[in-house]
> 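Starting off with a structure, shown below.
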Amino acid sequence: MDDKQFVKEIANIDENFAGWYTDVVTKTELVDYGPVKGTMVIRPYGYAIWENIQKELDARFKAAGSQNAYFPLLIPMSYFTKEAEHVEGFAPEVAVVTHAGGAKLEEPLAIRPTSETIIGTMYAKWIQSYRDLPVIMNQWCNVMRWEKTTRPFLRTSEFLWQEGHTVHATEEEAMEETLKMLNVYKEFAENVLAIPVLTGRKTEKEKFAGALATFGMEAMMKDGKSLQAGTSHYMGQNFAKSFEIKYLDKDGTLKYGYTTSWGVSTRLIGAIIMAHGDERGLVLPPKVAPIQVIIIPVAAHKGGVNEKADEIENLLKEQGFKVKTDKRDMTPGRKFNEWEMKGVPVRIEIGPRDIENGVAMVCRRDTFEKTTVKLTELCETVKTLLDEIQNNMLSKAKIARDSHIVEADSLDGILKGVDGQNFVKAGWCGCRECEDKIKEYAQATARIIDSDAKEGEVCAVCGKPAKHKVIFARAY
RNA sequence: CGGGGUAUGGCGCAGUUGGUAGCGCGCUUGUCUGGGGGGCAAGAGGCCGUGAGUUCAAGUCUCGCUACUCCGACCA
C-alpha cells in the first residue's frame, strides 16, 4: 500500500485502529522490523523521540535524587530462583544463553527481562549501614521478554527502558519513594507527552511478580483501550530477604532493607502515537518532536527562496528550536503530506510571493490552522504556537478521556461500557473470581484501583459490598 | 499452544477452465512544472516462499515443510 492509499484507508481510524497504528509506525519511519521475530529496529526519527523522552525523564530522576548506573545484560539463572514469585512470573518469558565460547555453559545465563535480581545482588554487597541508605539508582538499558504476540513499541521481544531500583531503611520511606516516582511519571506524561493518565494501585492479579504492591499509570488510547504506560513497585522486604540486602541500624541490629523499582519503556512512544494520532498520521507533542518546525520552500527554482528558507532556519535554530528545511526536489504538496504524517507540530511555507510581501505561511499540525505571519514576527509566533500546541494536545486528550469514563454496576454495564470504548468505573468486592469473570465476560481487566468504595456500594459482579472502585478497560 | 488467513519486482496487489507473468506506487533519465500527494516521454527491476508429485506443459492442481499474519490463551 502506498501512502495515498494509506491516507484513504485510515480515514476512519476507529474502524481498524490496530491496523492504523501499525501502518503509522512503519510509514513514518519510526521503526523497521528486525530479523528476529518480535524485535524492532528503531530508526533515527523514532530514536530521536526516545532521546527526548530520556532527556526529560533523566532530569526529573536526578532532581529526585537518583543516579544513573549500569548493570550487566546477562544474569546467572540461579539468581532468578531466589525469589519464588519473581521466577514464576518471569520464567516463561526469559530468553536463556546456553552456549558461549563454542561450548555449553555450566550455568545458563538469562538475558535480563528486568534487573531486580542482579541489582539486588550488587546492592547486598554495597549496603552495610543505615548510613548507606537510601540507595537510589536508575539504569537505561534494553531488556528482553519472549512474548507470544508482539507489536512495535507496545510489546516487543526486546525493548529499551529505564529501571530505577531503590533501597530504604523503612517501610514508610520505601512506599513514599514508590508513590513519589509514580507522580514523577504522571507529571512527565502530562506535561511532556501531553497524555493524561490515571494512576493508582494495581490489583493482586495485575501486580508485578514479587512485589507487595504495584502502582501504575494508565493512558487512554484513541480507541478507548488502556495502555499501561509506567509502573512503580513496592517490594517490601521480599527481594531484600531473597538477596540478603541488610544494613546495621542505629540500634545495632541487622535489618533487611525495603526496596522499590519503577520503570517506563519505549512503549511510551506507542502511547504518544495512539493517544494523539489522527487520520493523517502522527501528531507529536512539541516537547518530544524530533523536528518541531519544518520549513518548506515553494518554487525553490526561483531565486532567493532557498536562501530565505536558510535564513529562517538559522533564525529559529538560534532560538533553540528543532528546525529542518526540506529542500528535496518534490512538489510542495507532497512534502506537506509527508511531514504531516510524521507529526511535525509546525510547518512554515515560504515562496516568492511571501518573500515579496515579507511574510510566511504557518500551519499547525494539531488543528491544521493556517495563518500568514510577518517574517519579523516569525520567532515569536513559533514560540507561542509550540506552547499552544503542547497545551492544546493535553487538554484535547483530557477531554477525550474524561468523556469516555463511565460508571457501571453490573457485568452487562461493564461490557456495554468497554464496547463503547470507555473506561468503566465499577465497584469491586476484591476477590479474584469476580475479576476473572469480568475478563471473561467483557474482555476487560482491572487497570487501577481508583478509590475505596463508599458505604452501600456493591461489587458489579457478585453484589456483595464493594471494597474498591476500580477502573476496568480493555488493554493493550 | 488451539482456530483462520497469506506467501508473485522495493511496497501494495492482480493473475480466468493449467500454456513460461502484469497493474498501481516507488525507483532511474529527460523535460515542463511547483501555494495540498503533478503532467508528458523513455527506462531499470521477478528461480512466482520451499521440497516433492500430477501433466506434453504448473504462479495456477495435490501433498509435505517453512515463514509471516489475524483471532483466542499468555504478558510491559
Side-chain angles (χ1 to χ4, degrees), chain A residues 1-9 16 18-19 22-23 26-27 29 32-38 88-94 113-114 142-151 153-163 185 202 205-209 211 214 216-219 226-233 261-271 280-281 296-302 305-306 326-341 347-357 359-363 368 370 372 436 439-440 443 445 447 475-476:
Chain A
M1 184 166 56
D2 65 11
D3 294 344
K4 212 189 264 181
Q5 287 170 293
F6 167 59
V7 169
K8 273 186 201 156
E9 290 202 11
N16 182 4
T22 310
D23 280 340
T26 48
K27 289 191 184 306
E29 295 178 351
D32 206 337
Y33 295 95
V36 173
K37 182 179 158 64
E88 198 188 316
F90 278 99
E93 53 193 64
V94 170
T114 177
N142 59 338
V143 288
M144 178 156 268
R145 296 180 190 178
W146 214 261
E147 303 288 354
K148 293 196 169 81
T149 51
T150 56
R151 198 193 292 282
F153 290 124
L154 298 185
R155 181 169 297 108
T156 45
S157 308
E158 181 187 0
F159 57 94
L160 302 180
W161 78 343
Q162 73 44 229
E163 47 179 328
Y185 287 150
K202 292 259 163 193
K205 181 182 171 177
E206 302 281 331
K207 80 174 187 196
F208 179 81
T214 288
M217 63 171 177
E218 297 282 327
S226 184
L227 184 74
Q228 180 170 303
T231 45
S232 187
H233 313 288
S261 72
W262 25 274
V264 296
S265 72
T266 36
R267 176 180 264 196
L268 288 176
I269 299 172
R280 296 212 207 173
I296 313 232
V298 175
H301 61 289
K302 296 198 175 148
V305 175
N306 275 336
D326 187 352
K327 289 185 184 168
R328 289 175 302 171
D329 183 22
M330 289 180 186
T331 60
R334 176 166 199 131
K335 291 179 187 172
F336 296 166
N337 284 287
E338 208 178 295
W339 292 110
E340 262 166 19
M341 189 158 77
R347 179 180 74 234
I348 297 177
E349 303 166 27
I350 181 87
R353 287 209 301 265
D354 305 309
I355 296 171
E356 234 172 78
N357 300 326
V359 297
M361 294 293 297
V362 176
C363 183
F368 300 109
K370 217 166 167 177
T372 309
D436 287 342
K439 174 81 202 272
E440 196 185 322
Q443 300 84 50
T445 50
R447 302 320 305 160
Y476 278 97

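Throughout, protein chains are lettered first and strands after them, A, B, ... in sequence-line order, and every chain is numbered starting at 1. These values consider heavy atoms only, across backbone and side chains, with no hydrogens, waters or symmetry-generated copies.
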> Any donor-acceptor pair under 3.5 Å linking the side chain of A:Arg347 with the backbone of A:Cys363?
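Not at all, since once roles are kept as given, no pair shorter than 3.5 Å links the two residues.
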> If you check every side-chain atom of A:Arg334, which of B:G26, B:G35, B:U33 has the closest atom?
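Given the options B:G26, B:G35, B:U33, the side chain of A:Arg334 is closest to B:G26.
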> Within the structure shown, what part of the strands sits under 4.0 Å from A:Gln228 by heavy-atom distance: base, sugar-phosphate, or nothing?
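Touches sugar-phosphate only.
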> Quick one: does A:Lys335's side chain have a donor or acceptor within less than 3.5 Å of a partner on A:Asp326's backbone?
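Judged by distance alone, yes, a pair lies under 3.5 Å.
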> Just to be sure I understand the rule, does A:Glu147 reach a base, reach only the sugar-phosphate, or reach nothing, if contact means heavy atoms closer than 4.0 Å?
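Base contact.
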> Name the nucleic acid region contacted by A:Leu154, choosing base, sugar-phosphate or nothing; use a 4.0 angstrom heavy-atom cut-off, strictly under.
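Base contact.
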> Could you please name the option among B:C74, B:C75, B:G34 that lies closest to any side-chain atom of A:Lys439?
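Selected nucleotide: B:C74.
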> Hey, does the side-chain of A:Glu338 have a donor or acceptor N/O within less than 3.5 Å of a partner on the base of B:G37?
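Side chain to base: no pair below 3.5 Å.
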> Please check this pair: side chain of A:Glu147 against backbone of A:Thr156, looking for a donor-acceptor N/O pair closer than 3.5 Å.
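No, the answer is negative, given that no donor and acceptor are paired below the 3.5 Å cut-off.
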> Using the rule side chain to side chain donor-acceptor pair (under 3.5 Å), only one of A:Lys202, A:His233, A:Lys207 pairs with A:Thr214; which is it?
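Going through A:Lys202, A:His233, A:Lys207 one by one, the side chain to side chain donor-acceptor pair (under 3.5 Å) with A:Thr214 is satisfied by A:His233 alone.
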> On RNA chain B, nearest-nucleotide positions of A:Arg347 versus A:Ala475: which is more 5'?
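Residue closer to the 5' terminus by nearest nucleotide: A:Arg347.
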> Using whole Å, what does the distance between atom P of nucleotide B:G10 and atom CG of A:Asp32 come to?
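Spelled out: CG on A:Asp32 to P on B:G10 is 14 Å.
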> Taking B:A21 as the reference, what is the distance to B:A57 when you measure between their C1' atoms (whole Å, please)?
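Those two atoms are separated by 16 Å.
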> Would you indicate what A:Lys370 reaches in the nucleic acid, counting non-hydrogen atoms under 4.0 angstrom: base, sugar-phosphate, or nothing?
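Base, at least one base atom sits under 4.0 Å.
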> Say you pick atom C1' in B:U62 and the same atom in B:G18; how far apart are they, in whole Å?
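That atom pair is separated by 13 Å.
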> Find out whether A:Lys205 and A:Asp436 are in side-chain contact, i.e. whether some heavy atom of one side chain is under 4.5 Å from a heavy atom of the other.
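Answer yes - side chains close enough.
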> Pairs counted as Watson-Crick or G-U wobble with both distances under 3.5 Å: what dot-bracket string results for RNA chain B, using | for bases tied to another strand?
(((((((..((((.....[..)))).((((((.....)))))).....(((((..]....))))))))))))....
> Between B:G22 and B:C40, how far is it from one P atom to the other, in whole Å?
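To the nearest whole Å, 22 Å.
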> With a non-hydrogen cut-off below 4.0 angstrom, is A:Thr156 in contact with a base, only sugar-phosphate, or nothing?
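Base contact.
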> So A:Trp161 and A:Arg267, do their side chains get closer than 4.5 Å, heavy atoms only?
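They are not in contact (no side-chain heavy atoms under 4.5 Å apart), so the answer is no.
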> Choosing from B:C1, B:G35, B:G36, which nucleotide comes nearest the side chain of A:Lys148?
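So the side chain of A:Lys148 is nearest to B:C1.
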> Kindly say if A:Arg353 contacts the phosphate of B:G34, meaning a side-chain N or O under 4.0 Å from OP1 or OP2.
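False: A:Arg353 side-chain N/O out of range (4.0 Å or more) of B:G34 OP1/OP2.
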> Determine if the base of B:U20 is syn or anti; take syn to mean the glycosidic torsion is within 90° of 0.
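B:U20: syn glycosidic orientation.
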> Do any side-chain nitrogens or oxygens of A:Thr331 fall under 4.0 Å of OP1 or OP2 in B:G34?
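No, because none of the side-chain N or O atoms of A:Thr331 sits under 4.0 Å from OP1 or OP2 of B:G34.
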> Which residue, A:Ile348 or A:Arg447, contacts RNA chain B at a nucleotide closer to its 5' end, judged by nearest heavy atom?
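Upstream on the strand: A:Ile348.
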> Find out whether A:Arg328 and A:Arg334 are in side-chain contact, i.e. whether some heavy atom of one side chain is under 4.5 Å from a heavy atom of the other.
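They are not in side-chain contact.
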> At 4.0 Å (heavy atoms only), tell me whether A:Thr149 reaches a base, stays on the sugar-phosphate, or touches nothing.
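Result for A:Thr149 = base.
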